Structure formats: structure tokens, C-alpha cells
Amino acid sequence: MTLSDVRPPVVATPIDRDLIISSLQGALQAKNEAAQLGRDLAHQIDRVYFVACGAPNRVMLGFEYWLDQARTDLQVKRYFPAEFLALAPHLDERTLVVLASKSGTTAETVEAAQFLQGQPCRTLVVTTTADKPLAQGATHLFLMGETEQAHTGIYIVLQGFVAGLLDGRHGYPLYDAVMQSLDALPAVLVESAEFSDARGKADAHTYRDDHTLYHLASGPVYTTAYVFGVCMLMEMQWLHSVPFEAAEWFHGPFEILDAQTPVMVLLGEDPSRPLAERALTFCQKYTSRLMVYDARDLPMTGVAPEVRALFAPYALQAALNRFAEHLAAERNHSLDTRRYMWVTEY
Ligand SMILES: O=P(O)(O)OC[C@H]1O[C@](O)(CO)[C@@H](O)[C@@H]1O
């Protein structure tokens, strides 16, 4: 008898509206203070470095995109903590380094924070609770509280900060819409999950025996392609699950496609959407095994129309979480299983 014979079968976790909504209350409160800090620092800083691993790093990718799109004159860069330390970019009193971590314990991120304590720059840290190693010594600390939704919580806090920063520095016409819509985001996550649950179940059944999956997305929606493709399907399902930037699809990767290749295309509502649509048109021609998740199909109730594009990656993520839950059940492979991460020395 093997271990899998005695373990209970994996089941998809039901959508828990109250848990999702209550888990994000700390982040929603912190975002107001973060927005105020953004305004306060608007003319005190010239550069913002975003530093994190994994999913929080890809949340920051979205801010890089939107800060560019807003034509800010701030210098904005995003780093993995280990690269940040190895490169040691310019730091001075007009530099803000933003660090975020769901656990607050990720070694590379904590090491970067410790290094920064001896530097002339400011730091802004987002994590869960004050006892976490990452919370120590930050110039500005934002705590979400223990949460099941730390990835979205980090987004909420940093979105508040970035909205305040842009408004204070350049004037940001979307400021009020962003801040009000953030309050609706927890319910939007529930809504998107409920809206997509049956479809996620069907897709999980269809693709249960595939070991390779490609994900295509453009602009800020690449955050979702990465978090779903890598942090969920690679890390939690051990699948060969590869996210690609749609902008690069025609520069090599598309050669992998044949009629049996499973591809997921994620469509957002930001200016990069036509890039993903172009990749989709190509995929429709050459593979019959295509999944399209389009933010335009999601109601996003309570999100102002003019800021739907900012929220689309998170609404899509909530939809895809249902696919992951059902895939875990179909494959009888729990999303909590790790063989190396937090288990071995690395
Ligand atoms: O947000 P944290 O706790 O720093 O964790 C980062 C880790 O989380 C993930 O984003 C997802 O599990 C990993 O890719 C990464 O190692």
C-alpha cells in the first residue's frame, strides 16, 4: 500500500465568500494610509525600486506598466531581491525601495531589507504582521494582518500607494475611481470565482492529463499568466506550465505550437490587449486545444469602467483559481504539496 492509497482524495476548496472578503479588510484599511504616504512622498523621491520574489514581484510588474503608461518622470525599476543585492543599484535619500512578501520570511527579500537598513534610501514594506522578519527596520510599514489573500492584499496596498504618488506628483484623474473600486475588489474576487467555477471545472476535466500548458498574456495581465502558470501550476501541480509575453510569441515560442498543444490566452482591458488578440488569432488557426479567459466577460461589479483595466489581472486570477482547485481534485494532487520548497535546503 502506498501513501496515496491512504490519503483522502483531494477536493476543490469551495468558494468562501466571507473568508475572502474578511481576509482583505486589513489591506483595504492600509491602502488609505498608503495613498496618503504616496502623496507625502510625491516630491521627495525621484526613483522607485520594486523588490520582491515570485508572485509579489509580478504584482509589481503591473505597477511598472501603469507608471510607464501614466508617463511619470519617476525612475521606476523592478528587481528580484537577489539580483538587486548583486547589482547594487544607485541608492540615495530620494530613492524609495518597495519590498513586499506574503510570508514576510522569504530569505532573499529579508536579506535585501536588512542591507537597505544601512543605506540612505527610504523603504516601504508590505507584509502581514509586525513580527515578520521583513517588517523589521522598514521606514514605512504596511500590515495586512494574517490573510488567505495576501497576493491580492499586496496589490491593494500598493495600488493605494501608487495612486497617491501619481496624484501628488502629476495629478491622477483616476485617483477617486481607483480608491473607490479597490473597496469593491474583495467582492469582485468572489463574483469572478463564482462566475467561472463551472467553466474551471470543465476545463480542469478536459486538461487533466496534459503535462504541458502554455499561457499567453500581454502587459499587466502577464502578472496573472505568471502567478497562475508558475506559482500555481508549476509550483503546486508540478506541470510544465510556461507563461509567455504575447509580444514575444512570434519571435520563437510560436514554433512549439501544433494542433494538440494546449494554450491558454488571457485577455485584459489595457492598451496591450491587441498584442494578446494577435497571438489568439494565430492560436485559433493552429491548435484546437485553446482556452480563452477574457476579462471583458467578468462583471467586476463595483469597479468603475475607467479602471477595469487595472483590476482585470486580479479578476482573472480569481477565475483561474477555480481552474486550479478543480485541476488539483481531478489530478488528486493537493495545491499544498511541495517536494523542495520550504522542505529542503536551497
Ligand atoms: O510572498 P513571499 O512570501 O515572499 O513568497 C514568495 C514565494 O511565493 C510565491 O510567489 C508563490 O508561492 C513563490 O514564487 C515565492 O517563492
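Owing to the predicted nature of the structure, the values given are computational and were not obtained by experimental measurement. Just so you know, ligand 1 is whichever comes first in the structure, and atom 1 is the first atom listed for that ligand.
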Closest approach of any protein heavy atom to atom 10 (O) of ligand 1, naming residue and atom: Ala55 N, 2.7 Å

Aromatic plane relationship, Phe254 with Phe250 - under 30° parallel, 30 to 60° tilted, over 60° perpendicular: perpendicular

Centroid separation [X] to [Y] less than 6.0 Å:
X: Tyr346; Y: Tyr340; value: no
X: Phe161; Y: Phe63; value: no
X: Tyr286; Y: Phe282; value: yes

Of the backbone atoms (N, CA, C, O) and the side-chain heavy atoms from C-beta on, which set of [X] has a member under 4.0 Å from an atom of ligand 1: side chain, backbone, both, or neither?
X: Pro56; result: side chain
X: Met341; result: side chain
X: Cys231; result: side chain

Co-membership, hydrophobic cluster, residues Leu335 and Val227, 4.5 Å side-chain: no

Modelled atom types, side-chain donor and acceptor of His140 and Thr123, under 3.5 Å: no

Polar side chain donor-acceptor pair, Asp270 to Tyr65, under 3.5 angstrom: yes

Ligand-side contact atoms (ligand 1) for residue partner [X], heavy atom cut-off under 4.0 Å:
X: Gly54; result: 10 (O), 14 (O)
X: Glu235; result: 11 (C), 12 (O), 13 (C), 14 (O)
X: Ser103; result: 2 (P), 3 (O)
X: Thr106; result: 2 (P), 3 (O), 4 (O), 5 (O), 6 (C)

Any N/O pair Lys102/ligand 1 closer than 3.5 Å: yes

